[in-house]
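Owing to the predicted nature of the structure, the values given are computational and were not obtained by experimental measurement. So that the names make sense, note that chain A is the first sequence line, chain B the second, and so on, each numbered from 1. Side-chain atoms are counted along with the backbone in the values below, which use heavy atoms only and exclude waters and symmetry mates.
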Amino acid sequence: MEKGPSFLFAGVSFDKKKFATDLARFKENKESENLADDFSFVEGEKTDPEKAMVSFVKKRKRKSIAGETVEGFNVFKSSKQLAPAVDKEKEKVEDGPSKAKKELNKQIERDAVFRKKYNIHVSGANVPSPLRTFAELSSRFGCESYLLRNLAEHGYKEPTPIQRQAIPVLLSDRECFACAPTGSGKTLAFLCPMLMKLRCASKDGIRAVILCPTRELATQTTRECKKLAKGNKFQIKLMKKELVRSTDLSKFSCDILISTPLRLRLAIRRKKIDLSRVEYLVLDEADKLFEVGNLLKHIDPVVKACSNPSIVRSLFSATLPDFVEELARSIMHDAVRVIVGRKNTASESIKQKLVFAGSEEGKLLALRQSFAESLNPPVLIFVQSKDRAKELYGELAFDDIRAGVIHSDLSQTQRENAVDDFRAGKTWVLIATDVIARGMDFKGVNCVINYDFPDSGAAYIHRIGRTGRAGRSGEAITLYTEDDIPFLRNIANLMKASGCEHPHELGNMSMSRNYVNILKHKAMGCYEFISICFTVTSCGKLLQITGVPYRSKSAAASTAL
DNA sequence: AAAAAAG
């Protein structure tokens with residue numbers, strides 16, 4: 001049977017130039033460095049003119065725990081004296097005589113040990129002590145009982161590392177940028193201090209704003225916020241179309257407003273929404289929001305509109321490249337930088353795998369085969385574009401798999417339904433673009449498949465971060481074809497950095513090419529299809545080639561080769 | 001380059 005050329009089979013093209021600059025921007029990863037560092041991507045080919053940049057962006061020297069200062073971050077040095085510290089314990093000792101001073105020094109030492117234990121790295125002056133328990137929220141910061149009750153009710157027993165450090169920082173009125181792995185509780189880390197700071201509901205204008213890069217994430221954050229605020233009378237509003245249409249925004253007031261950037265920007269420009277009383281601004285997935293060219297120009301007016309001089313701003317993300325820190329530096333004052341683990345690495349609770357799929361056809365067949373062998377829902381499949389998502393959805397619709405699809409060409413209702421159905425287990429497999437790659441928390445996703453190779457290291461980290469959340473384990477499979485090989489090393493390095501055992505030789509391009517040729521040859525000759533996993537031992541020897549014959553139901557499979 | 005972000 002003839003099958004016309006399908007878009008899905010047309011392959012994916014990436015902007016190799018963009019990738020090359022990315023590669024150059026990120027530097028060689030040094031094992032010895034115990035402090036969190038930037039992306040550990042490897043430079044491009046030796047002839048790459050951009051290579052010069054790599055040495056140019058040599059790593060900043062950072063002093064270790066004792067001083068906890070960072071060169072090149074002037075923002076941290078311009079520390080105004082600790083603003084009205086809410087931290088009762090610290091207040092006590094700071095005013096006391098020399099005995100109290102000694103006590104303070106001891107405390108600083110204890111904090112350093114504690115941070116080390118939880119892999120928390122901080123920089124900035126007078127960083128507040130990390131949280132030992134949630135109970136400290138009331139002993140140190142006078143947290144109200146409703147919040148502690150809600151925390152307990154939702155099973156938050158012990159704070160995660162990012163929560164331990166970011167919460168006291170924000171409660172001490174310090175601005176903060178925080179980087180912690182996917183699924184490590186960043187949302188609670190900014191919601192909890194926000195609720196405590198606002199104390200109780202008031203009709204006093206808009207008091208807190210949270211910006212999220214996608215509507216889905218904004219919706220999810222709103223829900224989390226409401227859950228946590230239960231029992232208090234806070235007005236928590238999501239900026240939806242209806243809200244914009246039905247309310248006079250110039251007189252609009254609520255305690256917490258959650259929005260996507262563009263919508264809020266338009267509200268400022270056209271509807272004269274008043275943000276001058278905002279006390280608390282959170283940029284979630286900050287690096288996405290600061291993405292050059294697009295979102296960035298929507299963020300700036302929003303940040304400007306929040307003109308309250310005593311505003312506390314914070315940035316959160318699992319990936320925080322240098323340029324975002326530079327930008328942050330330009331808008332923040334007296335900020336504390338909190339990094340959990342190593343900066344820009346994937347979550348360590350995810351088992352990561354690279355699978356060579358030979359070709360575009362091979363990808364689809366590999367997918368079908370792996371589903372036929374074992375489908376362990378829920379499964380998330382990421383593709384590179386909206387059209388690819390539609391195509392793949394079309395392909396799987398003929399199978400007995402309950403698949404859903406989500407991308408930005410769908411209506412808002414369709415998008416909501418796709419997420420809800422997936423959450424409810426009505427669909428087993430969700431095919432998605434990067435819309436839901438960030439921040440979305442689907443309980444129990446145990447497998448993420450990168451059907452199309454991610455277009456950056458950050459995208460990879462966020463995509464696979466949909467699994468292995470809140471201490472659970474997860475699996476991530478990344479399919480690749482020959483076209484992706486130049487970018488393989490990039491991902492392989494991320495895998496390595498997050499403690500994943502991976503064949504080092506995968507990163508060696510010439511070596512990989514040879515393997516690919518062997519595999520292609522074998523596959524053509526012996527099998528109806530290609531789905532080949534190969535394992536390479538640590539010394540670089542090819543251990544096994546496995547190709548499993550596949551009997552396809554569809555015409556595509558038999559004519560594919 | 002694509003995706004996402006409005007109306």
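Not one side-chain nitrogen or oxygen of A:R270 sits closer than 4.0 Å to the OP1 or OP2 atom of B:dG7. OP1 or OP2 of B:dA4 lies within a sub-4.0 Å distance of a side-chain N or O belonging to A:T433. Put simply, A:R263 has a side-chain N or O that comes within less than 4.0 Å of OP1 or OP2 on B:dG7. Side-chain nitrogen and oxygen atoms of A:S385 include at least one within less than 4.0 Å of the OP1 or OP2 phosphate oxygen of B:dA3.
Taken from CG in A:L264 to NE2 in A:H298, the straight-line distance is 11.5 Å, to the nearest 0.5 Å.
Separating the CG atom of A:L211 from the P atom of B:dA4 is a distance of 19 Å, rounded to the nearest angstrom. A straight line from CG of A:D455 to P of B:dA4 spans 12 Å, rounded to a whole angstrom. Rounded to an integer number of Å, the gap from CG of A:D434 to P of B:dA1 is 17 Å. Put simply, CG on A:L238 is 11 Å from P on B:dA6, counting in whole angstrom units. Computed from coordinates, the A:K271 NZ to B:dG7 C1' distance equals 10 Å when rounded to whole Å. One can place CD of A:E291 at 10 Å from C1' of B:dA5, the figure rounded to the nearest angstrom. As a whole-Å value, the separation of A:L296 CG from B:dA5 C1' is 13 Å. A straight line from CD of A:E242 to C1' of B:dG7 spans 14 Å, rounded to a whole angstrom.
The distance between the ring centers of A:F422 and A:F442 falls below 6.0 angstrom. Aromatic pair A:Y451/A:F382: centroids not less than 6.0 angstrom apart.
Note on A:P261: nothing from the nucleic acid sits closer than 4.0 angstrom, heavy atoms only. No engagement by A:R265 is indicated, since no non-hydrogen atom pair under 4.0 Å with the nucleic acid exists. As judged by a 4.0 angstrom heavy-atom cut-off over every strand, A:K386 is placed among residues touching the sugar-phosphate backbone only. Across all strands, A:R415 comes closer than 4.0 Å only to sugar-phosphate atoms, never to a base (heavy-atom distances).
Judged purely by distance below 3.5 Å, without hydrogens or angles, the side chains of A:S276 and A:D274 pair a donor atom with an acceptor atom. Between the side chains of A:T427 and A:D421, no donor-acceptor pair is found at a separation under 3.5 Å.
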